[in-house]
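Reviewing the structure listed below.
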Amino acid sequence: MKLRLFDTYTRSLREFEPLRKDYVGMYACGPTVYDYAHIGNLRTYLFEDFLRRTLEFNGYTVKHVVNITDVGHLTSDADTGEDKMEKGARKAGKSAWEIAEIFTQAFKEDIRRLNIKEPTIWCRATDHIQEQIEFIKCIERKGFTYITSDGVYFDTSKLPDYGYLARLDKEGLQAGARVEIGEKRSPTDFALWKFSPKDRKRQMEWDSPWGVGFPGWHIECSAMSVHYLGEFFDIHCGGEDHINVHHTNEIAQTQACYGTRLANFWLHGHFLQLEAEKMSKSAGEFLRLQTLIDHGYDPLAYRFFCMSAHYRAKLNFTWESLDAAAYSLDRLRNLVYEWGEPGAPNQEWVERFRNEVNDDLNMPRAVALTWELTKSDLPAAEKKATILIFDQVLGLGLAEWRPAEEQIPQEVMELVEKRQQARLARNWAEADALRAKASEMGYEIEDTPQGPRVKRKKVQVRP
RNA sequence: GGCGACGUGGCCAAGUGGUAAGGCAAGGGUCUGCAAAACCCUGAUCACGGGUUCAAAUCCCGUCGUCGCCUCCA
């Protein structure tokens, strides 16, 4: 089956054809680095990783660009409120530049721990101010801007099909508007360049043809994606929350300047739900990947958990379901490890797998097929080689995984030895008491034909 | 208030017209001194009420419930 993807722009499943032979340009909206990423954010980057790996699985070379938003993202999409970076800096007592660096590194570490492939290009908004200014100048030349006392704005009324991506009902928006529009002519108009406040100096500000200030949030993605991928490229993706405002405005900017809708396919990952509610940063406390690790979970258990649902369905996070993912991943790893050295892969199974992932990245079915493979009658070497091919998309690092070689404390080893002696003497009561004691100390003793095996118990301390 | 999505076994979830994938948990079994691990087996008619159809979880209408965007969000 050829790759089919759900394109939000047309609201339909479309067969994927690259614009250039064997090459895919893909832009994924990255983090605003004013705080840590929570596991809901990370779900979206996992979806994008499955997308990229599936494209590569189909033989395409992917140029994957991810931005780092380190300026211009206000605490309100209504073009009011503070810049998130400056606010984060003030809260932390550090400079905005330091904040950006700290959270950029933290984000990259999360990505690495989840086995998400590094983008081909990371690009920071503050490294591309000039490109953004040029882009705004282009929009201005085409007559889509106006200037107010606080910035340069995009005039959405000049674009007849503004909001097509989101199927925005402009009338409805007018009626339901709950925000002050200030000097904006329409609630959907948005800032391209904001002027620095007159009474104080911002940490991040630049000269521009319109005055000292900083770029609006949406312009960075249009400017950088065009810069690295061209005026019309293959795929643009992000979280579902970006459909209404951010991606709608990116398209508006690009249509004004170049007459394109920026990307051929628009893909959106849906939200992780936490106890039936969206996980949000503003709620204060939120779950980070590090939180999961602190509770004894392997980060890849979270990756595996995210494969249990389709990317276009909400996924409900519970500790119980994370446990399920952790246990089953562990079982899968041991199975695959025990298959030994890989032989030649089975092409029929590889094609079945391709059919699943090519059907709009149906990871749940791809995983189900993986379990089916483990139960099949294929020789171990063939299963092993085949599952390692699957793992090019699954990204679980199955080829490298080894059972942990643990240092068992001397005192536990002594218990094991004493228990063996009791067992030889058929003193079962004594043997069971010793096993219980080891268990209290956090170690499990399992008897195998090769003798006793000692493992540390899983640590799981949940909130 | 406007727009949109969803409601499948204990939990997480596939499936969008032809009599319900998978994982975890649970119960039963094989193995074991007993366990553990492993392996085998077992269970849902798809929120509710109508309708369309030879046939519906899958299409239509209504009701209830939950959630998302419109306000920081991936």
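All chains are named by letter (A, B, ...) in the order of the sequence lines, taking the proteins before the strands, and each is independently numbered beginning at 1. All values reported here derive from a predicted model rather than from experimental measurement.
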Nearest-angstrom distance from the residue atom CD of Glu444(A) to P of C34(B): 19 Å

Protein-nucleotide distance (Met363(A), atom CE; A21(B), atom C1'), rounded to Å: 15 Å

C1'-based separation of A47(B) from A56(B) [nearest Å]: 16 Å

Gap in Å between the two P atoms, one belonging to A21(B) and one to U42(B), rounded: 12 Å

Rounded distance in Å between the C1' positions of G49(B) and C64(B): 11 Å

Touch class at under 4.0 angstrom, heavy-atom based, for Gly269(A) against every strand present: nothing

Touch class at under 4.0 angstrom, heavy-atom based, for Ser321(A) against every strand present: sugar-phosphate

Options G10(B), C34(B), A14(B), nucleotide nearest the side-chain atoms of Pro364(A): A14(B)

Nucleotide nearest Arg453(A) when distance is taken to its side chain, options G10(B), A37(B), G68(B): A37(B)

Residue closer to the 5' end of RNA chain B, Glu372(A) versus Arg426(A) (nearest nucleotide): Glu372(A)

Tyr164(A) six-ring face occupied by Arg167(A) cation (under 6.0 Å, within 45°): yes

From CA spacing to verdict: side-chain contact (heavy atoms from CB on, under 4.5 Å), Phe271(A), Thr44(A): CA-CA 8 Å; Phe271(A) 281 147; Thr44(A) 297; 5.7 Å; no

Any side-chain donor near an acceptor of the partner, Glu48(A) and His64(A), under 3.5 Å: no

Contact check, side chains of Tyr36(A) and Phe103(A), non-hydrogen atoms, under 4.5 Å: yes

Side-chain donor-acceptor pair present, Glu220(A), Thr69(A), cut-off under 3.5 Å: yes

Contact under 4.0 Å: Asn244(A) side-chain N or O vs C70(B) OP1/OP2: no

Between C1' of A5(B) and CZ of Arg11(A), the distance in whole Å: 11 Å

Nucleotide nearest Asp447(A) (side chain, heavy atoms from C-beta), chosen from C12(B), G33(B), G10(B): G33(B)

Touch class at under 4.0 angstrom, heavy-atom based, for Phe305(A) against every strand present: sugar-phosphate

Length of the NE2-C1' vector between His247(A) and A74(B), whole Å: 10 Å

SB check Glu446(A) Arg453(A) (cutoff 4.0 Å): yes

Sugar-phosphate, base or nothing in reach of Asn362(A), heavy atoms under 4.0 Å: sugar-phosphate

Approximate separation, where rounding is to 0.5 Å, of Ile445(A) CD1 and Leu434(A) CG: 7.5 Å

C1' atoms of A25(B) and C59(B), separation to the nearest Å: 35 Å

Sugar-phosphate only, base, or nothing, as touched by Arg352(A) at under 4.0 Å among non-hydrogen atoms: nothing

Which nucleotide in G33(B), C24(B), G23(B) has an atom nearest any side-chain atom of Tyr327(A): C24(B)

For atom CZ of Arg312(A) and atom P of C69(B), their distance in whole Å: 18 Å

Atom-to-atom span, CZ of Arg435(A) to C1' of A36(B) - whole angstrom: 7 Å

Nearest-angstrom distance, P atom, G9(B) to A13(B): 12 Å

Under 3.5 Å donor-acceptor pair, Asp330(A) side-chain atoms to C24(B) base atoms: no

Closest contact, heavy atoms only, Leu394(A) versus Arg303(A): O-NE, 2.8 Å

Nearest heavy atoms of Arg11(A) and Leu165(A), plus distance in Å: NH2-O, 2.6 Å

Among A14(B), A13(B), G33(B), the one nearest Arg423(A) by side-chain distance: G33(B)

Bracket string, RNA chain B, 5' to 3' - pairs by Watson-Crick or G-U geometry under 3.5 Å, | interstrand: (((((((..(((.....[...))).(((((.......)))))....(((((..]....))))))))))))....

Touch class at under 4.0 angstrom, heavy-atom based, for Lys375(A) against every strand present: sugar-phosphate

Under 4.0 angstrom between Asn41(A) side-chain N/O and A74(B) OP1 or OP2: yes

Sugar-phosphate, base or nothing in reach of His310(A), heavy atoms under 4.0 Å: sugar-phosphate

Ser308(A) or Ala325(A), whichever maps to the more 5' nucleotide of RNA chain B: Ser308(A)

Selection from C39(B), A14(B), A74(B) that lies nearest to any side-chain heavy atom of His242(A): A74(B)

Selection from A74(B), C24(B), C34(B) that lies nearest to any side-chain heavy atom of Asp432(A): C34(B)

Listed nucleotide nearest any side-chain atom of Ala309(A), set A13(B), A74(B), C39(B): A13(B)

Sugar-phosphate, base or nothing in reach of Leu315(A), heavy atoms under 4.0 Å: sugar-phosphate

Residue pair Thr386(A) / Asn346(A), side-chain donor-acceptor N/O under 3.5 Å: no

Distance between C1' atoms of C6(B) and U63(B) (Å, rounded): 16 Å

Arg331(A) vs C39(B): side-chain N/O to OP1/OP2 distance below 4.0 Å: yes

Parallel, tilted or perpendicular: ring planes of Tyr311(A) versus Phe47(A), cut at 30 and 60 degrees: parallel

Lys314(A) NZ - C69(B) P separation (whole Å): 14 Å

Touch class at under 4.0 angstrom, heavy-atom based, for Trp371(A) against every strand present: sugar-phosphate

Nucleotide of G68(B), A21(B), A14(B) approaching Glu240(A) most closely (side-chain heavy atoms): G68(B)

Length of the CH2-P vector between Trp339(A) and C39(B), whole Å: 10 Å

